[in-house]
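Ligands are counted one by one from 1 in listed order, and the atoms in each one are counted from 1 as well.
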Amino acid sequence: MSQLAEIEAIAASIRSATKVVVLTGAGISTESGIPDFRGPQGLWTKNPEAQKLSHIQYYVADKDVRVRAWKARKDLRPGRFQPNRGHSALVDLEKKGKLDTLVTQNIDSLHLDAGTSPEILIEVHGHTREVVCLDCGERAPMERALARVEAGEEDPDCRSCGGILKSATVSFGQQLVEEDLDRAFHAASTCDVLLAIGSTLEVTPVAYMPEYALRAGAELVIINAEPTPFNRSASAVFRNPIGEVLPEIVSRV
Ligand code: NAD
Ligand code: ZN
């Protein structure tokens, strides 16, 4: 089948579906200028040492890791990057009444910035709009913590208890929020179409979503430059840039 015919076929499946669920990973934000982890230009591909920033045990044990993490947060501060055509296409899909749930592994808030409704969005790995104290659990706006970093504090601590502060993201080694996972898995097991976009589909437990969808008889569509473990089970795989393919599909829905 030609690519255009494939795009038409997927758009038709979405039109006739009663429940469409989308899963996004770091790949949908690379066109906004935020590097992914495992792609060819990924942060971890280029510098495996950078993985430490995402592991809770290193973060807690090593002040240097925290200092580097605060610098990285300053670079990725909310509002610095703009959503791209991929994010906007998902807003259009929602406006067409064809997006039931959007599950994202991303922490960059770009789906919200683009205009996706918070009610349909599940940020399974958290977000960077807030910081949380690892000791007392208190939350505060990221902006306030970054202002302290800006003013010279290398590793700002919790104002209430002196504990370690971290962005409100789920690092490796931390528990995911059970309610979010339940919602995500329920969505996957009850949909007719699952679009998996910009994810290697290797990070569990979210990587189980395609499994659940397939078991429920749903169609799996993958948009990702590199192969994923699910490419052979998918009814369509697009390896072109997300910002090109996704708007093409959505405009035909
Ligand atoms: P990943 O880094 O493991 O993989 C991203 C995939 O997207 C790669 O296979 C890459 O080939 C593909 N890709 C990149 N740009 C693309 C494009 N324009 N078009 C098509 N394909 C493209 O991402 P992941 O599986 O989501 O896992 C990384 C984890 O790290 C996530 O769970 C997330 O929490 C976190 N993370 C988040 C961000 C963010 O919020 N923007 C960025 C980096 C990492
Ligand atoms: Zn505290």
Within less than 4.0 angstrom of ligand 1, does Pro241 place any heavy atom?
-> yes
Yes or no on salt bridge (charged side-chain N to carboxylate O under 4.0 Å, His left out) for Glu123 and Arg129, after CA distance, side-chain angles and deciding distance?
-> CA-CA 12 Å; Glu123 297 170 300; Arg129 300 183 294 280; 2.9 Å; yes
Applying side chain to side chain contact (heavy atoms under 4.5 Å, CB included) between Leu246 and each of Ile7, Asn84, Leu93, Ile197, report the one that passes.
-> Ile197
Tell me the protein heavy atom at minimum distance from [atom], and give that distance in Å.
atom                    : answer
atom 4 (O) of ligand 1  : Thr200 CG2, 3.2 Å
atom 41 (N) of ligand 1 : Asp108 OD2, 2.7 Å
atom 12 (C) of ligand 1 : Asn224 OD1, 3.2 Å
atom 8 (C) of ligand 1  : Glu226 OE1, 3.4 Å
atom 18 (N) of ligand 1 : Glu31 OE2, 2.8 Å
atom 21 (N) of ligand 1 : Ala225 N, 3.0 Å

Please determine whether a side-chain nitrogen of the Lys or Arg among [X] and [Y] lies less than 4.0 Å from a carboxylate oxygen of the Asp or Glu.
X      : Y      : result
Glu31  : Arg85  : no
Lys166 : Glu130 : no
Arg77  : Glu150 : yes

Ligand-side contact atoms (ligand 1) for residue partner [X], heavy atom cut-off under 4.0 Å:
X      : value
Thr30  : 14 (C), 15 (N), 16 (C), 17 (C), 18 (N)
Pro35  : 42 (C), 43 (C)
Ser199 : 25 (O)
His125 : 31 (C), 32 (O), 33 (C), 34 (O)
Ile34  : 41 (N)

Taking Asp192 for the side chain and Lys19 for the main chain, is one N or O donor matched with an acceptor at less than 3.5 Å?
-> yes
Closest heavy-atom pair and its distance - Tyr59, Val65 = CA-CG1, 3.9 Å
What heavy-atom pair brings Ser199 and Asn224 nearest, and what distance separates the two atoms?
-> N-OD1, 3.1 Å
Are any of the N/O atoms on [X], whether in the backbone or the side chain, positioned under 3.5 angstrom from an N/O atom of ligand 1?
X      : result
Phe37  : yes
Ile107 : yes
Ile242 : yes

Where the Zn ion (ligand 2) is the centre, what is the SG-to-SG angle for Cys158 and Cys161, rounded to 10°?
-> 110°
Using the Zn ion (ligand 2) as the apex, give the angle to atoms SG (Cys133) and SG (Cys136), rounded to 10 degrees.
-> 110°
Where's the contact between [X] and ligand 1, heavy-atom distance under 4.0 Å: side chain, backbone, both or neither?
X      : result
Asp36  : both
Asn106 : both
Ser54  : neither
Gln105 : both
Arg38  : both
Ser29  : side chain

Taking it one step at a time, do Trp44 and Phe172 satisfy ring-ring contact (aromatic ring centres under 6.0 Å, His included)?
-> CA-CA 14 Å; Trp44 293 358; Phe172 286 98; 5.8 Å; yes
Taking atom 16 (C) of ligand 1 as the point of reference, which of Ser32, Ala26, Gly25, Gly27 owns the nearest heavy atom?
-> Gly27
Say whether Leu121 and Leu23 are linked into one hydrophobic cluster, either directly or through other cluster members, by side-chain heavy-atom distances under 4.5 angstrom.
-> no
In Å, rounded to the nearest 0.5 Å, how long is the span from CG of Leu165 to SG of Cys133?
-> 6.0 Å
Can you check side chain to side chain contact (heavy atoms under 4.5 Å, CB included) on Phe238 and Glu6, steps first, answer last?
-> CA-CA 9 Å; Phe238 299 96; Glu6 233 175 356; 4.1 Å; yes
Carefully, step by step, assess Glu94 and Lys98 under the rule salt bridge (charged side-chain N to carboxylate O under 4.0 Å, His left out).
-> CA-CA 5 Å; Glu94 181 187 348; Lys98 279 296 174 186; over 6 Å; no
Kindly indicate, with the supporting measurements, whether the criterion salt bridge (charged side-chain N to carboxylate O under 4.0 Å, His left out) is fulfilled by Asp157 and Arg148.
-> CA-CA 10 Å; Asp157 59 4; Arg148 290 170 63 192; 3.2 Å; yes
